[in-house]
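In what follows, chains carry the letters A, B, and so on, assigned in the order in which the sequence lines appear, proteins first and then strands, with residues in each chain numbered from 1.
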Amino acid sequence: MNALLDNLNPEQHAAVTLPPEPALILAGAGSGKTRVLTTRIAWLIQTGQVAPHSLLAVTFTNKAAKEMLTRLSAMLPINTRGMWVGTFHGLCNRLLRAHHRDAGLPQTFQILDSSDQLSALKRMLKALNIDDEKYPPKQLQYFINNAKECGLRAKDVEANDDFNRKFVELYALYDEQCQREGVVDFPELLLRCYELLDRNQILREHYQARFRHILVDEFQDTNSLQYAWLKLLANYGKQPTNALFAVGDDDQSIYAFRGANVANMEKFEREFRVRHHIKLEQNYRSHGHILEAANTLIRQNSRRLGKNLWTASGEGEPLRVYEAPTDMLEAQWLVEEIKNLIAEGYSREEIAVLYRSNAQSRVLEHALFSAMIPYKVYGGLRFFERAEIKHALAYLRLIENKDDDTAFLRVVNFPTRGIGARTLEQLQDTARTYNQSLYASVPMIAGKAGSNLTAFVNLIEQMRFAAQGLTLPEVIEQVIHQSTLITHYQNEKEGQDRVDNLQELVNAATAFISEEGLAQDTGATTSLVLNDTSAESAPNVAPSTPLANFLAHAALEAGDNQAAEGTPAVQLMTVHAAKGLEFNAVFLTGLEEGLFPHENSLVELDGVEEERRLMYVAITRARKRLYMSLAQSRMLFGQTRYSVKSRFLEELPENTLKWLTPKVQALGSNWSYGASAQSNFGGSNGQYGKKDRAWDEAWDKQDNAQTAAASAKIRQKQGEHASGFRIGQAVFHTKFGEGVILELEGQGADARAQIKFRRHGNKWLALGIAKLTAI
DNA sequence: TGTACGCCTGTTTTT
DNA sequence: CAGGCGTACA
């Protein structure tokens with residue numbers, strides 16, 4: 001028999017060997033989802049049903065794509081390089097590069113990441129003299145991306161009021177600006193690629209004929225545009241339909257807030273008339289109690305596709321629950337337990353500390369630091385997002401594409417070369433008048449300002465010239481020196497890290513070149529489209545340069561959040577970041593109402609259900625041991641907040657839990673030991689910085705007086721305002737939509753409310769004037 | 001051109 | 001409380 005299929009359970013086996021027809025695999029947490037996906041690919045190839053380049057596999061993250069390729073090459077003796085395995089964005093980029101002319105893009109189009117996009121929008125609003133208080137750039141960005149993710153161009157968006165009409169108008173102008181500059185934002189990669197295939201029959205039919213098998217990971221996370229894209233490639237509606245093999249778990253859909261649409265699973269079943277449904281319900285990860293708790297919890301959600309995980313391993317240990325009086329004591333308890341775990345033989349990297357929001361990590365870090373337990377926090381700035389790296393990349397982008405105004409503005413005066421705000425204003429005016437890029441407008445500026453600008457342009461030209469015949473790492477080396485970026489940071493007090501990072505960029509380029517197997521020469525002559533052109537039988541395939549590929553790589557894969565480090569460390573991260581990972585021991589902290597479920601979710605449509613799925617994801621990360629904890633009071637935004645335990649704790653079956661503290665009712669009757677909530681983390685070892693001491697002091701201030709005051713405030717806030725509204729109430733406004741009342745003040749005609757609107761931010765509105773309805 | 005101060009905000013995040 | 005951002009000023 002086929003060795004690939006050894007050791008698969010019956011459902012996994014069935015999924016792997018399904019006939020080439022649409023299929024939906026409902027894969028529970030820890031049920032071997034990635035294994036099924038990769039084994040199916042290997043099986044399809046090995047049995048000769050599909051050639052490696054005729055198969056498309058899509059994931060959401062680069063990490064998942066890499067994992068798939070690694071496993072694949074371990075299963076099959078094939079070169080995975082030419083395979084179409086990647087993220088939606090990565091694959092779309094590849095198609096757009098190959099067919100840039102048909103897509104209406106310059107060969108050298110650059111990719112804007114979210115922050116580049118935001119600065120492009122700010123720049124546009126400024127140029128148009130638009131009040132960014134009235135039309136906040138962030139909101140505009142959200143509006144545009146949202147529209148694009150629904151597959152809508154500006155002309156397709158319906159606007160019912162002046163505000164939205166303005167946004168639509170700005171959306172159109174923004175797209176024009178991007179086109180002029182030869183740049184493409186993230187959602188544009190997808191939309192542009194969709195439109196390319198939709199409009200170009202020859203290309204569409206070529207790729208439809210080619211990708212007989214399309215496999216999608218984390219299908220529950222797809223948005224509308226991604227679904228439409230898949231539908232197009234699967235040749236939906238015609239015969240024959242390509243085999244779309246979708247793997248997902250509706251219970252792990254935790255990204256609705258960024259446009260993911262779980263309904264795509266049902267839509268897929270319906271529209272593709274899916275006949276093959278397979279549920280992977282055997283969990284190979286967690287012990288029985290952990291799984292039982294997760295199952296019981298998720299059963300509270302309505303509208304599930306329905307699935308119940310089971311395990312062949314025993315019940316295991318109960319879930320330990322701890323209720324601490326304060327967040328500091330919660331952290332301290334956690335440290336003690338971690339010490340015990342380590343003493344029991346758990347290694348540090350097998351212990352994860354999870355929390356709902358990043359702000360919670362501070363107090364935990366502080367406690368771990370004091371106890372000298374090595375830890376690593378995930379999240380935060382990533383390599384390619386660092387300012388110095390973005391500066392270096394901006395020079396490279398200008399070498400590649402002179403019209404990239406975002407890159408131009410980023411470095412035209414960095415390091416400073418006497419080009420001030422008024423010069424740039426003048427330049428931007430000229431550019432607008434002649435409808436051309438800033439770079440192209442430089443020769444039209446006269447005087448001293450003009451000569452400074454010319455010097456900058458000459459520098460770029462010189463770099464471009466020198467780049468010919470150099471390898472990519474050599475080009476970068478040249479750029480960071482000639483631009484004087486290196487010298488600039490060397491002269492800065494705290495600049496050494498940045499200098500190191502710039503050097504690291506050169507290394508990253510070297511690694512990139514060898515990984516991709518790209519030609520060593522940056523010349524735009526014969527180098528390859530990512531990997532093999534030989535298999536690219538598509539019409540009009542354009543070549544691409546290593547520099548272009550590297551820049552795309554930098555934008556599409558921002559790199560690790562934190563540099564790798566030697567010592568094994570306890571892992572700290574948000575629950576979102578933990579998705580897809582597993583640990584022997586997991587601490588799930590901050591299980592308080594308002595924090596988890598997050599208070600903002602309470603007023604969102606299906607918000608609590610998404611939070612519950614998040615809790616489900618959190619629980620199912622644990623293999624052997626799960627701790628859950630909460631704090632009755634917590635320092636948040638410089639204020640002490642008091643909360644009751646999370647409803648999710650109440651939803652877990654009592655028989656799976658072991659309370660380490662007496663089960664109490666929290667706030668009020670039991671608040672007697674708050675006074676003893678003193679910090680004993682004081683800066684004893686002298687290693688703390690200013691910040692640490694400030695925290696200590698802040699914490700030490702907690703006392704009964706504050707407790708009483710805060711409790712009173714909570715009671716007052718919960719009371720009803722004379723207007724009939726109350727804090728925390730969900731309201732609807734005809735113009736701003738849904739929101740929540742944050743503050744209420746004044747009486748009668750002066751009564752005002754501060755409302756946090758979902759789409760329009762915080763606003764103070766006069767209750768006598770604004771038409772607010774309670775919802 | 002750089003710094004200082006004051007205001008505001010404060011979930012989750014990949015590409 | 002604290003970091004980010006934007007304006008005002010030297």
For nucleotides 6-9 of chain C, list the nitrogen or oxygen atoms of the protein found under 3.5 Å from its nitrogen or oxygen atoms, one pair per line.
unit_1 : atom_1 : unit_2  : atom_2 : d
dG6(C) : OP1    : K122(A) : NZ     : 3.4

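- Contacts of D113(A) with the nucleic acid, taken as non-hydrogen atoms under 4.0 Å apart, are absent.
- A straight line from CD of E592(A) to C1' of dT11(B) spans 15 Å, rounded to a whole angstrom.
- Residue R192(A) contributes atom CZ, which lies 17 Å from atom C1' of dT15(B) at whole-angstrom precision.
- Remark: R621(A) pairs with no residue by the salt bridge (charged side-chain N to carboxylate O under 4.0 Å, His left out) rule, at least two apart or across chains.
- Across the protein-nucleic acid pair, L595(A) atom CG and dT12(B) atom P stand 10 Å apart, rounded to whole Å.
- A salt bridge is absent between D250(A) and R613(A): the closest approach of a Lys/Arg side-chain nitrogen to an acidic carboxylate oxygen does not fall below 4.0 angstrom.
- Under the side chain to side chain contact (heavy atoms under 4.5 Å, CB included) criterion, L409(A) pairs with R123(A), L424(A), Q428(A), L438(A), not counting sequence neighbours.
- Put simply, NE2 on H598(A) is 12 Å from P on dT13(B), counting in whole angstrom units.
- The side chain of A577(A) approaches dT13(B) more closely than any other nucleotide in the set dT11(B), dA2(C), dT13(B).
- Distance Y142(A) OH to dT14(B) P: 18 Å, rounded to the nearest Å.
- Within the 4.0 angstrom heavy-atom criterion, base atoms lie near F637(A).
- Contact annotation: N358(A) does not reach the phosphate of dT11(B) (side-chain N/O to OP1 or OP2, under 4.0 Å).
- Residues satisfying the ring pair (Phe, Tyr, Trp, His ring centres under 6.0 Å) test with F88(A), not counting sequence neighbours, are F60(A), W229(A).
- Closest to the side chain of F257(A), out of dT13(B), dT15(B), dG3(C), is dT13(B).
- If you check every strand for non-hydrogen atoms under 4.0 Å, N413(A) touches sugar and phosphate atoms only.
- The gap from the C1' atom of dT14(B) to that of dG3(C) amounts to 24 Å, rounded to the nearest Å.
- Listed by chain and number, the residues in a ring pair (Phe, Tyr, Trp, His ring centres under 6.0 Å) with F186(A) are H89(A) (sequence neighbours excluded).
- Each salt bridge (Lys or Arg N to Asp or Glu O under 4.0 Å) pair with one or both residues in residues 413-425 of chain A, not counting sequence neighbours, would appear here, but there are none.
- Between N600(A) and dT12(B) there is no side-chain N or O to OP1 or OP2 distance below 4.0 Å.
- Phosphate contact (OP1/OP2 of dT14(B), side-chain N/O of N62(A), threshold under 4.0 Å): absent.
- Between atom OG1 of residue T59(A) and atom CG of residue L215(A) there is a gap of 11.5 Å, rounded to the nearest 0.5 Å.
- Salt bridge status for E149(A) with R258(A): absent, with no side-chain N to carboxylate O gap under 4.0 Å.
- Distances shown here put a side-chain N or O of R382(A) below 4.0 Å from the OP1 or OP2 atom of dT15(B).
- Listed by chain and residue number, F257(A), H576(A) satisfy the ring pair (Phe, Tyr, Trp, His ring centres under 6.0 Å) test with Y255(A) (two or more places apart in sequence, or in another chain).
- Toward the 5' end of DNA chain B, the nearer of the two residues G420(A) and A555(A), judged by each one's closest nucleotide, is G420(A).
- Spacing between atom OH of Y378(A) and atom P of dT14(B) amounts to 13 Å, rounded to whole angstrom units.
- When heavy atoms are screened at a 4.0 angstrom cut-off, F88(A) is found touching no nucleic acid atom at all.
- Regarding R356(A), its CZ atom lies at a distance of 14 Å from the P atom of dG10(B), rounded to whole Å.
- For the C1' atoms, the distance linking dG6(C) with dT11(B) amounts to 25 Å, nearest Å.
- With rounding to whole Å, L581(A) atom CG is found 17 Å from dT12(B) atom P.
- Contact annotation: side chain of S601(A) to base of dT11(B), donor-acceptor pair absent below 3.5 Å.
- Looking at residues two or more places apart in sequence or on another chain, you find no ring pair (Phe, Tyr, Trp, His ring centres under 6.0 Å) involving H598(A).
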Using a cutoff of under 3.5 Å, can you pull out all pairs of nitrogen or oxygen atoms linking the protein to nucleotides 2-6 of chain B, with atom names and distances?
none

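- Cation-pi contact between R97(A) and F109(A): present, with separation from the ring centre below 6.0 Å and deviation from the ring axis of at most 45°.
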